[in-house]
Amino acid sequence: MPLIVQKYGGTSVGNPERIANVANRVVKGWRDGNRMVVVLSAMAGETDRLINLGKELSDDPDPRELDVLLATGEQVTVSLFSMFLKSQGIPATSLLSHQARIYTNQAYGRARIVGIDTARIREELKKGRIVIVAGFQGVDEVGNITTLGRGGSDTTAVAIAAALKADLCEIYTDVEGVFTTDPRVCPKARKLDRISYDEMLEMASLGAKVLEIRSVGFAKRYDVPLCVRSSFTDRPGTLVTKEDKDMEDILVSGVAFSKNDARVTLTRLPDRPGIASRIFNTIGDANIVVDMIIQNTSIDGFTDLTFTVPKGDLKKTLELIGPLTREINADQIHSDENIAKISIVGVGMRNNAGVASRMFSTLAAQNINIMMISTSEIKISCVIEDKYTELAVRELHDAFGLEVARPRGTLT
Ligand code: ADP
Ligand code: ASP
Ligand code: MG
């Protein structure tokens, strides 16, 4: 009997009517003879509501208690979903993370799944039940509730699919699949039939929240057949899969953007060994993840250093490096929260020159200044002023002809 894991995001379970609607889709799969495991998110907006509720009572909520609070969002949807199925005479059971035995480390708010003991899920499936698992939450080795970070239900679903060696993992959301860019920002965005794991990893890490990055990592590592589809239509969606030759023919397959980071610049730093390491060790020790880093070549023994950190960590970063920069005699610290990172992604870039220059001239034609640039084998990212984000996304989408599906990518 085939085993299918389906995950439904917040909009898809946003109210009782939608829950009933997607539950019927699950029942259809079950009646067709599949074993069904369903992973649910909290209702749309619920996780944000809970975070704000926590902030009303504490400026800096205790991470353990915040996770206890946030995990309630998914508890609500799994119970409602299972209740509805049972009222229809369909055998079902809801499982929270400790019951589904999804074990994580103790990094509250961004916990990592370290193992899943599938015995209970298998037992329920053997009884012919549809198993409804709460996404986003886990349990550490001493029984504390943890959460996986925003968008974490995708990761729960793919990790369960990997652990159960499921035949298919379907991520149901509010768009019809993975698009060349966010269809809410660019009306010309085109749905992709297929995307490679590596491109999807880059897209997700650069801001395309349609799949949470760790879910893609799991899918790649454990070869999980992964599909992104809409819970509102029956159209086929996007397959996230291994790279093949045809994919390499496509030069640029997507544009991603993120407004999550802030920029920090230190001017007139003494250019001598050990300075960068002191700065970044201090920031790293506080568990702050630095993304882009640029250091100038030195002039007269001094240099400038610019880097980005998540906006939420900017205040802490400035508190940490303030005393340090005085100690090492840097001139000034500047910071800027009004930035965005725009990226183009494509495995075909590896073997083709000219992609970067087309990106830069497209931004220049709109008078958009580039503040930072970083590249890897299959992506180029530019930091720009955030007010230009939507314009830049649309112009780059046009410049690389992404609205048209092409079998072979060219730069002409
Ligand atoms: P869910 O609640 O179902 O997990 P999310 O809001 O997390 O849904 O992710 C879906 C959203 O991702 C879409 O509504 C869309 O705005 C956004 N998105 C960003 N980039 C892309 C992309 N390249 N393709 C599809 N959707 C994208
Ligand atoms: N409810 C969580 C969030 O809003 C997890 C998820 O939806 O994937 O981030
Ligand atoms: Mg999501």
Side-chain angles (χ1 to χ4, degrees), residues 6-14 18 22 39-52 66-67 69-78 97 102 109-111 113 133-138 146-159 170-195 199-216 227-232 235 237-238 240 252-260 341-346 379 389-390 393 396-397 402-403:
Q6 295 186 337
K7 177 257 171 178
Y8 292 94
T11 321
S12 309
V13 293
R18 288 193 176 162
V22 295
V39 174
L40 299 182
S41 292
M43 290 181 178
E46 179 62 5
T47 308
D48 287 335
R49 189 186 73 85
L50 292 167
I51 292 172
N52 291 331
L66 188 61
D67 276 5
L69 177 67
L70 297 192
T72 62
E74 275 69 13
Q75 180 161 352
V76 170
T77 47
V78 293
S97 54
I102 300 168
R110 51 180 147 191
I113 296 179
V133 181
F136 179 56
Q137 53 177 263
T146 58
T147 66
L148 309 181
R150 299 309 304 267
S153 300
D154 296 338
T155 305
T156 307
V158 180
E170 294 178 308
I171 305 288
Y172 283 91
T173 182
D174 54 8
V175 289
E176 286 191 351
V178 179
F179 283 66
T180 45
T181 191
D182 189 337
R184 297 186 198 285
V185 167
C186 178
K188 290 188 191 161
R190 177 174 50 86
K191 196 200 79 190
L192 300 166
D193 294 332
R194 289 180 313 148
I195 185 167
E199 283 173 316
M200 193 62 238
L201 275 173
E202 288 284 9
M203 290 279 281
S205 78
L206 297 167
K209 69 168 182 166
V210 63
L211 279 179
E212 204 264 337
I213 182 164
R214 281 195 255 166
S215 70
V216 190
C227 181
V228 180
R229 308 179 57 174
S230 164
S231 63
F232 300 98
R235 304 222 179 87
T238 302
V240 186
V252 173
S253 45
V255 180
F257 60 91
S258 156
K259 295 182 184 179
N260 295 337
K341 183 169 67 174
I342 309 288
S343 311
I344 55 173
V345 176
K379 73 118 206 275
T389 310
E390 285 76 15
V393 168
L396 289 169
H397 197 269
L402 295 181
E403 75 279 14

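Just follow the structure's listing: the first ligand is 1, and inside any ligand the first atom is 1.
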Q.
Looking at R110 and E212, is any side-chain nitrogen of the basic one under 4.0 Å from a carboxylate oxygen of the acidic one?
A. no
Q) side chain to side chain donor-acceptor pair (under 3.5 Å) with E176: which of R229, K191, R235? A) R235
Are any protein N/O atoms closer than 3.5 Å to the N/O atoms of ligand 1? If there are, list each pair with names and the distance to one decimal place.
{"residue": "ligand 1", "atom": "2 (O)", "partner": "G10", "partner atom": "N", "Å": "3.2"}
{"residue": "ligand 1", "atom": "3 (O)", "partner": "T173", "partner atom": "OG1", "Å": "2.7"}
{"residue": "ligand 1", "atom": "4 (O)", "partner": "K7", "partner atom": "NZ", "Å": "3.0"}
{"residue": "ligand 1", "atom": "6 (O)", "partner": "K209", "partner atom": "NZ", "Å": "3.2"}
{"residue": "ligand 1", "atom": "8 (O)", "partner": "T173", "partner atom": "OG1", "Å": "3.1"}
{"residue": "ligand 1", "atom": "14 (O)", "partner": "D174", "partner atom": "OD1", "Å": "2.9"}
{"residue": "ligand 1", "atom": "14 (O)", "partner": "R184", "partner atom": "NE", "Å": "2.9"}
{"residue": "ligand 1", "atom": "14 (O)", "partner": "R184", "partner atom": "NH2", "Å": "2.9"}
{"residue": "ligand 1", "atom": "16 (O)", "partner": "D182", "partner atom": "OD1", "Å": "2.8"}
{"residue": "ligand 1", "atom": "16 (O)", "partner": "D182", "partner atom": "OD2", "Å": "3.2"}
{"residue": "ligand 1", "atom": "16 (O)", "partner": "R184", "partner atom": "NE", "Å": "3.1"}
{"residue": "ligand 1", "atom": "23 (N)", "partner": "F179", "partner atom": "O", "Å": "3.0"}
{"residue": "ligand 1", "atom": "24 (N)", "partner": "F179", "partner atom": "N", "Å": "2.9"}

Q.
Between T77 and Y8, is there a side-chain heavy-atom distance shorter than 4.5 Å?
A. no
Q. Can you list every side-chain hydrogen bond (donor to acceptor under 3.5 Å, both in side chains) pair that touches residues 178-189, not counting sequence neighbours?
A. D174-R184, T180-H397, K188-D398
Ignoring hydrogens and angles, write down the donor-acceptor pairs under 3.5 Å from the side chains of residues 40-47, residues two or more places apart or on other chains.
{"residue": "S41", "atom": "OG", "partner": "S153", "partner atom": "OG", "Å": "3.2"}
{"residue": "E46", "atom": "OE1", "partner": "R49", "partner atom": "NE", "Å": "3.0"}
{"residue": "E46", "atom": "OE2", "partner": "R49", "partner atom": "NH2", "Å": "3.1"}

Q) Would you say E202 and V216 make side-chain contact, with heavy atoms under 4.5 Å? A) no
Which protein N or O atoms sit under 3.5 Å from any N or O of ligand 2? Give atom names and distances.
{"residue": "ligand 2", "atom": "1 (N)", "partner": "T47", "partner atom": "OG1", "Å": "2.8"}
{"residue": "ligand 2", "atom": "1 (N)", "partner": "E74", "partner atom": "OE2", "Å": "2.8"}
{"residue": "ligand 2", "atom": "4 (O)", "partner": "T47", "partner atom": "OG1", "Å": "3.3"}
{"residue": "ligand 2", "atom": "4 (O)", "partner": "R150", "partner atom": "NH2", "Å": "3.0"}
{"residue": "ligand 2", "atom": "7 (O)", "partner": "S41", "partner atom": "OG", "Å": "3.1"}
{"residue": "ligand 2", "atom": "8 (O)", "partner": "G151", "partner atom": "O", "Å": "3.4"}
{"residue": "ligand 2", "atom": "8 (O)", "partner": "G152", "partner atom": "N", "Å": "3.4"}
{"residue": "ligand 2", "atom": "8 (O)", "partner": "S153", "partner atom": "N", "Å": "3.0"}
{"residue": "ligand 2", "atom": "8 (O)", "partner": "S153", "partner atom": "OG", "Å": "3.1"}
{"residue": "ligand 2", "atom": "9 (O)", "partner": "R150", "partner atom": "NE", "Å": "2.7"}
{"residue": "ligand 2", "atom": "9 (O)", "partner": "G151", "partner atom": "N", "Å": "2.9"}

Q. How long is the span from the NZ atom in K7 to the OG atom in S12, to the nearest 0.5 Å?
A. 7.5 Å
Q | Atom pair OG1 (T147) and CG (D67), whose distance is rounded to the nearest 0.5 Å | A | 3.5 Å
Q.
Contact between E74 and V133 at the side-chain level, heavy atoms closer than 4.5 Å - yes or no?
A. no
